[in-house]
**Q** 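Below you will find the structure I want to go over with you.
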Amino acid sequence: MNTDYLVNLLIILISAAFINNVILSQFLGICPFLGISNKIKSAVGMGLAVMFVITTASILCSLVFQYILDPMDLQYLQTIVFIIVIAALVQFVEMIVKKFSPTLYNALGVYLPLITTNCAVLGVALLNVEKDFDLVESIVNGFASALGFTISIIIMAGIRERMEHNNIPKTFRGFPITLVTATLMAMAFYGFAGLV
Amino acid sequence: MNKLFKRLINALFRNKYSERVTNGLFKENPTFVLMLGMCPTLAVTTSAMNGLGMGLSTAVVLIASNVIIAALRKFIPSTVRMPYFIVVVASMVTIVQLLLQAYVPSVNEALGIYIPLIVVNCIIFGRVEAYAAKNKVGLALFDGIGMGLGFTIALILIGSFREVLGSGTIFGFQVMPESFEPIALFIKPPGAFLVLAMLTALQNKFKLPSATNGSAKASALACGGDCANCSGETYATNHEVNTLKKED
């Protein structure tokens, strides 16, 4: 591995985690971001589960695409194949975690099935293909995207915990103020745009 | 004569089929009332044209999936229905994607990965699971048409609003005076959140029916289907109940 390749990986990491943040600039995984962000504890659980699933899904989907779909000229089947791979993966992970680590299952288990229909997982797998990433790049991109997801959902949960005791105008209580918070966070993350 | 006219109107617009269409357009509008499918709603509404493209693609997928699932509903075992639904919906999405690539490549390029991501749009799964799997083909077809049109119109409205403020145009035509300085924020990601924040605040203010203020009825999905207000707890409870059932 030469330095150029490592620098390239670092650029992928930074741009996926901050500049093209999955939630705040690509709008993937908005449902959990707005839904599971009312407590820091559940936000951390969701974040970790998403990190694990996106990274493994990136590896699997990248392998399937490079060694099965691409050589057989079946690229157009990627959507169907990826969503099945992801659904199977999530089920499988849930079974394994349940069997071998009940503590981990209690912490993450309930979030796992929710992730199957999380657009971030499929979105990252599709982006890996679209950007022609090789296996290592896909893993880095998957991990970094999930890191970006976790960072933003935890920040959001922190802000919402503080806001609970604030006197918010009646019209803005609940959903609207959460979205205004997201607006401000998106503006802050937009500042990363010139970084790379 | 008047009576005949009324009867005609009733036959045309008040039957169970047209009821599904108005239901999708107004009463249970997927975007404004049920607040489903927020990801594409926020991501692709940078212009009215993109909203139209996304809305129509989703509508086609929804109508086709609804019809197929309704036709197959008696043959799909309920315990493994999810994989069936996923395969049907993903196939429809692939077909739509290939059609877009062939006939309107510009739309396909503008929407990018959000076209394949229609697979995980909660509107599709929500309607397939809550409606098509339990009803006849004809009703499911009109349900798909209503929901699809409701989604398309909502995306065009949000897209036009953002386009007018963000670049001074609608569908590419200049509508604002020359002196108007476009507020670029509105076509950038933060603008999407801001527009939705204002929309939901207005719904709260005027007490309009919406899932975000709890005044719209909950959907019939197993998890509650209320993604916007879900903290994972409903799911956790259902999960425990199901595990207990299995152990019994």
Side-chain angles (χ1 to χ4, degrees), chain A residues 21 24-39 42 45-46 76-84 86-88 109-111 113-114 116-123 126-127 130 169-190, chain B residues 35-36 38-44 82-83 86-87 89-91 93-94 97-98 101 112-122 125 185 188-205 210-214 223 226-233 235-236 239-240:
Chain A
N21 187 291
L24 298 169
S25 100
Q26 315 228 42
F27 305 106
L28 303 174
I30 296 290
C31 297
F33 175 64
L34 298 175
I36 313 182
S37 60
N38 44 8
K39 289 190 198 87
S42 45
M46 184 69 190
Y76 62 90
L77 283 181
Q78 58 170 352
T79 315
I80 305 178
V81 173
F82 284 4
I83 188 77
I84 293 171
I86 291 167
V110 295
Y111 301 110
L114 285 178
T116 318
T117 52
N118 183 337
C119 22
V121 186
L122 184 62
L126 290 166
L127 278 176
E130 199 183 85
K170 208 175 156 208
T171 311
F172 273 88
R173 264 174 222 168
F175 211 76
I177 195 72
T178 314
L179 283 165
V180 171
T181 316
T183 313
L184 297 175
M185 281 172 66
M187 275 160 133
F189 271 72
Y190 196 64
Chain B
M35 290 287 163
L36 290 173
M38 280 297 118
C39 303
T41 309
L42 290 167
V44 302
M82 275 303 162
I86 288 181
V87 173
V89 175
S91 316
V93 170
T94 308
Q97 193 184 4
L98 292 176
Q101 274 169 6
I113 61 159
Y114 295 101
I115 291 290
L117 282 179
I118 295 175
V119 178
V120 282
N121 189 329
C122 350
F125 269 88
L185 175 87
K188 296 277 183 318
F193 286 115
L194 191 61
V195 168
L196 202 67
M198 295 308 150
L199 176 72
T200 48
L202 286 175
Q203 286 177 332
N204 280 355
K205 176 77 187 166
S210 160
T212 54
N213 52 24
C223 65
D226 185 11
C227 299
N229 291 308
C230 172
S231 58
E233 278 154 18
Y235 178 76
H239 197 78
E240 275 160 29

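Order of the sequence lines fixes the chain letters, A, B, ..., with proteins taken first and strands second; residue numbering starts at 1 for each chain. Side-chain atoms are counted along with the backbone in the values below, which use heavy atoms only and exclude waters and symmetry mates.
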**Q** If I measure from the heavy atoms of chain A, does B/Gln97 come under 4.5 Å with its side chain, its backbone, both, or neither?
**A**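 Just its side chain gets close to chain A.
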
**Q** Shortest non-hydrogen contact from B/Ala201 to A/Thr171?
**A**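 So the minimum-distance heavy-atom pair works out to O-CG2, 2.9 Å.
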
**Q** Minimum heavy-atom separation for B/Pro189 and A/Tyr190, please, with both atom names.
**A**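 Smallest heavy-atom distance, with atoms named: CD-CE1, 4.5 Å.
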
**Q** Picking from A/Ile30, A/Leu179, A/Leu126, A/Leu24, which has the most non-hydrogen pairs under 4.5 angstrom with chain B?
**A**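 Of the options given, most contacts go to A/Leu179.
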
**Q** What residues form a side-chain contact (heavy atoms from CB on, under 4.5 Å) with A/Ile84, not counting sequence neighbours?
**A**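 Testing A/Ile84 for side-chain contact (heavy atoms from CB on, under 4.5 Å), a comparison that skips the adjacent residues, returns A/Ile80, B/Val87.
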
**Q** Could you look at B/Leu194 and say if it's the side chain, the backbone, both or neither that has a heavy atom under 4.5 Å from chain A?
**A**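 Looking at B/Leu194, backbone and side chain both touch chain A.
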
**Q** Can you name the residues that form a ring pair (Phe, Tyr, Trp, His ring centres under 6.0 Å) with A/Phe172, not counting sequence neighbours?
**A**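 With sequence neighbours excluded, A/Phe172 shows a ring pair (Phe, Tyr, Trp, His ring centres under 6.0 Å) to no residue whatsoever.
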
**Q** Per the side-chain contact (heavy atoms from CB on, under 4.5 Å) rule, which among A/Leu122, A/Thr79, A/Leu127 passes with B/Ile113?
**A**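 The residue from A/Leu122, A/Thr79, A/Leu127 that satisfies side-chain contact (heavy atoms from CB on, under 4.5 Å) with B/Ile113 turns out to be A/Leu127.
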
**Q** For the interface with chain B, which of A/Arg173, A/Met185, A/Gln78, A/Met187 has the highest count of heavy-atom pairs at distances below 4.5 Å?
**A**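 The answer is A/Met187.
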
**Q** If you take all heavy atoms of B/Leu117 and A/Cys119, which pair is closest and at what distance?
**A**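 Heavy-atom minimum between the residues: CD2-O, 3.7 Å.
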
**Q** Go through the atoms of B/Ser91 and report whether side chain, backbone, both or neither lie under 4.5 Å from a heavy atom of chain A.
**A**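 It is both, since atoms from each part get that close.
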
**Q** Specify which of A/Ala182, A/Gly123, A/Ala88, A/Pro176 makes the most heavy-atom pairs with chain B at under 4.5 Å.
**A**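 Ranked by heavy-atom pairs under 4.5 Å with chain B, first place is A/Pro176.
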
**Q** Between B/Leu185 and chain A, with a heavy-atom cut-off of 4.5 Å, which part of the residue counts as in contact: side chain, backbone, both or neither?
**A**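 Side chain only.
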
**Q** Is the shortest heavy-atom distance from the side chain of B/Tyr114 to the side chain of A/Leu28 under 4.5 Å?
**A**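 Yes, side chains in contact.
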
